[in-house]
2 protein chains.
Amino acid sequence: MATAKGERSKDAIRRAATHLFTSRGYVGSTVRDIAAEAQVDPALVIRHFGSKERLFIETMQAEAGTALDLDGPLDSLAERLIANILTAEPQSRSTFLALVRASDTGEVGATMRVAHEAGFVAPLLQHLTGEGREVRARLAAAMIGGLMYSLWIAQDDALLALPPDEIVSAYAPALDRLVNPSTGRPSAVE
Amino acid sequence: MATAKGERSKDAIRRAATHLFTSRGYVGSTVRDIAAEAQVDPALVIRHFGSKERLFIETMQAEAGTALDLDGPLDSLAERLIANILTAEPQSRSTFLALVRASDTGEVGATMRVAHEAGFVAPLLQHLTGEGREVRARLAAAMIGGLMYSLWIAQDDALLALPPDEIVSAYAPALDRLVNPSTGRPSAVE
DNA sequence: GTCTATACGACGATAGAC
DNA sequence: GTCTATCGTCGTATAGAC
């Protein structure tokens, strides 16, 4: 284990960076704070990761790695998709927020775009069929993005106070028009 | 005109701040840059506006002041709402982006929440009727937010390359389920 | 090969002279 | 009302100790 010590420092930095970036955001977390929490010299952070931005991208990519699992009946896909957001882990929420807010910093925007494509658009594209499935998948991803925007960025208090079921039953019929456009009313989601 | 010179400086700072904040964002615009463009001393910027953050909030509030005008037949409200986003002024787009990205800085988040409520939720609440109109208005605002998110933040290239008409005709039926939930299919928007 | 010490330029903000 | 000087902190680079 020639690099055991170095790797241990790197891991400690990664852990501290993940914690601080998700809880205080990119601008709110300083290299010195991260180094202090990892019990390491501030210069080591730059030495190991090149820059604060690269450390941010590396840790956020690791956090945003898991794509949606949409397997199951197409009839209830809209409901499951919405429930996924409403019951999302605080960590996923914080990662999304940190990426969005830093998306005008260097290459962070490109990273976020890839995460959106791989995490939302691609899984939807894989399940949707029929006419205009590509546009419908991308607009369905937009609807999910809109839910995250309203709940997590705009923090619509009236929506946040609602039981998840009510949001699902109100939003799913609209989303279902993109997921199952050919199904006549009444459909499975209402 | 005792304060003529001071007001002229303040206006010049406001103009420069609006230009820089919308084109380079909050973190990307320095007090020194703003002062240089306004041809005043950097210390004057803080002296007149208290802090960079307060200058940001004041200028962004002025830019985000105009709410949506949704007057017209309810049948085509969804279409007009979407078209509003697709043909939005670059200035509106940049203001939205700057506010979202700085929404974890001090009181900016609260400012953005008020702008969302006044600019999107309130106009929708005013026009929607029927059962669950409050929740439906807020979720319709979420759908609009999702469109802005996908086009402007995630920058979905496939959507951006599409003619506006195609996005309207694909997204409007879904949005219409929140705006006109009781209308049977086929409706005016398809 | 790891790490520490130190330093540099730019940042937001302040105090006080004019 | 305006400017000069300066403060503490930021991200980052490098020289050199272990």
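Note: hydrogens, waters and symmetry copies are ignored here, and every other heavy atom, side chains too, is used. So you know, we letter chains A, B, ... as the sequences are listed, proteins then strands, and number each from 1.
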Visitor: Partners of A/E37 by side-chain hydrogen bond (donor to acceptor under 3.5 Å, both in side chains), sequence neighbours excluded?
Guide: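 side-chain hydrogen bond (donor to acceptor under 3.5 Å, both in side chains) list for A/E37, sorted by chain: A/H19.
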Visitor: Report the C-alpha separation of B/M148 and B/F120 in whole Å, then their side-chain angles, then the decisive distance to 0.1 Å, and conclude whether the side chain to side chain contact (heavy atoms under 4.5 Å, CB included) test is met.
Guide: CA-CA 12 Å; B/M148 298 190 289; B/F120 294 99; 3.6 Å; yes
Visitor: Restricting to salt bridge (Lys or Arg N to Asp or Glu O under 4.0 Å), what partner residues turn up for B/E53, sequence neighbours left out?
Guide: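 B/E53 satisfies salt bridge (Lys or Arg N to Asp or Glu O under 4.0 Å) with no residue once adjacent residues are dropped.
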Visitor: Can you list, pair by pair, the side-chain donor-acceptor contacts under 3.5 Å of residues 80-88 of chain B, counting residues two or more places apart and other chains?
Guide:
{"unit_1": "B/R80", "atom_1": "NE", "unit_2": "B/S76", "atom_2": "O", "d": "3.4"}
{"unit_1": "B/R80", "atom_1": "NE", "unit_2": "B/S76", "atom_2": "OG", "d": "3.2"}
{"unit_1": "B/R80", "atom_1": "NH1", "unit_2": "B/L70", "atom_2": "O", "d": "3.1"}
{"unit_1": "B/R80", "atom_1": "NH1", "unit_2": "B/D71", "atom_2": "O", "d": "2.8"}
{"unit_1": "B/R80", "atom_1": "NH2", "unit_2": "B/P73", "atom_2": "O", "d": "2.4"}
{"unit_1": "B/N84", "atom_1": "ND2", "unit_2": "B/R80", "atom_2": "O", "d": "3.4"}
{"unit_1": "B/T87", "atom_1": "OG1", "unit_2": "B/A83", "atom_2": "O", "d": "2.8"}

Visitor: Would you mind building the protein contact string for nucleotides 13-18 of chain C? One character per nucleotide, 5' to 3', B for base within reach (heavy atoms under 4.0 Å), S for sugar-phosphate only, - for untouched.
Guide: BB-B--
Visitor: Strictly below 4.0 Å, heavy-atom distances to any atom of DNA chain D: list the hits from residues 100-112 of chain B, or just say none.
Guide: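 Result for residues 100-112 of chain B: none.
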Visitor: Return the value, rounded to whole Å, for the distance between atom CD of A/E7 and atom P of C/dG1.
Guide: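 My rounded result for the distance is 14 Å.
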Visitor: Would you please test B/F96 and B/H116 for side chain to side chain contact (heavy atoms under 4.5 Å, CB included) and show each step?
Guide: CA-CA 10 Å; B/F96 170 81; B/H116 173 78; over 6 Å; no
Visitor: Grab the CG-P distance between B/D33 and C/dC11 for me, whole Å please.
Guide: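 Result: 6 Å.
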Visitor: Can you find a side chain N or O atom of A/T30 that sits less than 4.0 Å from OP1 or OP2 on D/dT9?
Guide: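 Indeed not, no polar side-chain atom of A/T30 lies that close.
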Visitor: Does the distance from a Lys or Arg side-chain N to an Asp or Glu carboxylate O, for A/D33 and A/R24, drop under 4.0 Å?
Guide: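 A/R24 and A/D33: salt-bridged.
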Visitor: Can you tell me how far C1' of D/dG11 sits from CD1 of A/I13, to the nearest Å?
Guide: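 Answer to the nearest Å: 15 Å.
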Visitor: Please determine whether a side-chain nitrogen of the Lys or Arg among B/D11 and B/R8 lies less than 4.0 Å from a carboxylate oxygen of the Asp or Glu.
Guide: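 Between B/R8 and B/D11 there is no salt bridge, as every charged N stays at least 4.0 Å from the carboxylate O atoms.
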Visitor: Please step through side chain to side chain contact (heavy atoms under 4.5 Å, CB included) for the pair A/R138 and B/S150, ending with a clear verdict.
Guide: CA-CA 8 Å; A/R138 294 183 180 279; B/S150 270; over 6 Å; no
Visitor: The criterion is salt bridge (Lys or Arg N to Asp or Glu O under 4.0 Å); which residues satisfy it with A/E63, sequence neighbours excluded?
Guide: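 So A/E63 forms no salt bridge (Lys or Arg N to Asp or Glu O under 4.0 Å) with any residue.
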Visitor: In whole angstrom, what separates B/D41's CG from D/dT4's P?
Guide: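 In whole Å, D/dT4 P and B/D41 CG are 6 Å from each other.
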Visitor: For the pair made of CD1 in B/I34 and P in C/dC11, what is the distance, rounded to whole Å?
Guide: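 One finds 11 Å between P of C/dC11 and CD1 of B/I34, rounded.
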Visitor: Verify the contact: side-chain N or O of A/H48 to OP1 or OP2 of C/dT2, cut-off strictly under 4.0 Å; return yes or no.
Guide: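 No.
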Visitor: Rounded to whole angstrom units, what separation is found between the CG atom of B/L44 and the P atom of D/dT2?
Guide: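 Atom CG in B/L44 sits about 5 Å away from atom P in D/dT2.
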Visitor: Find the distance A/F49:CZ to D/dA13:P and express it as a whole number of Å.
Guide: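 Spelled out: CZ on A/F49 to P on D/dA13 is 15 Å.
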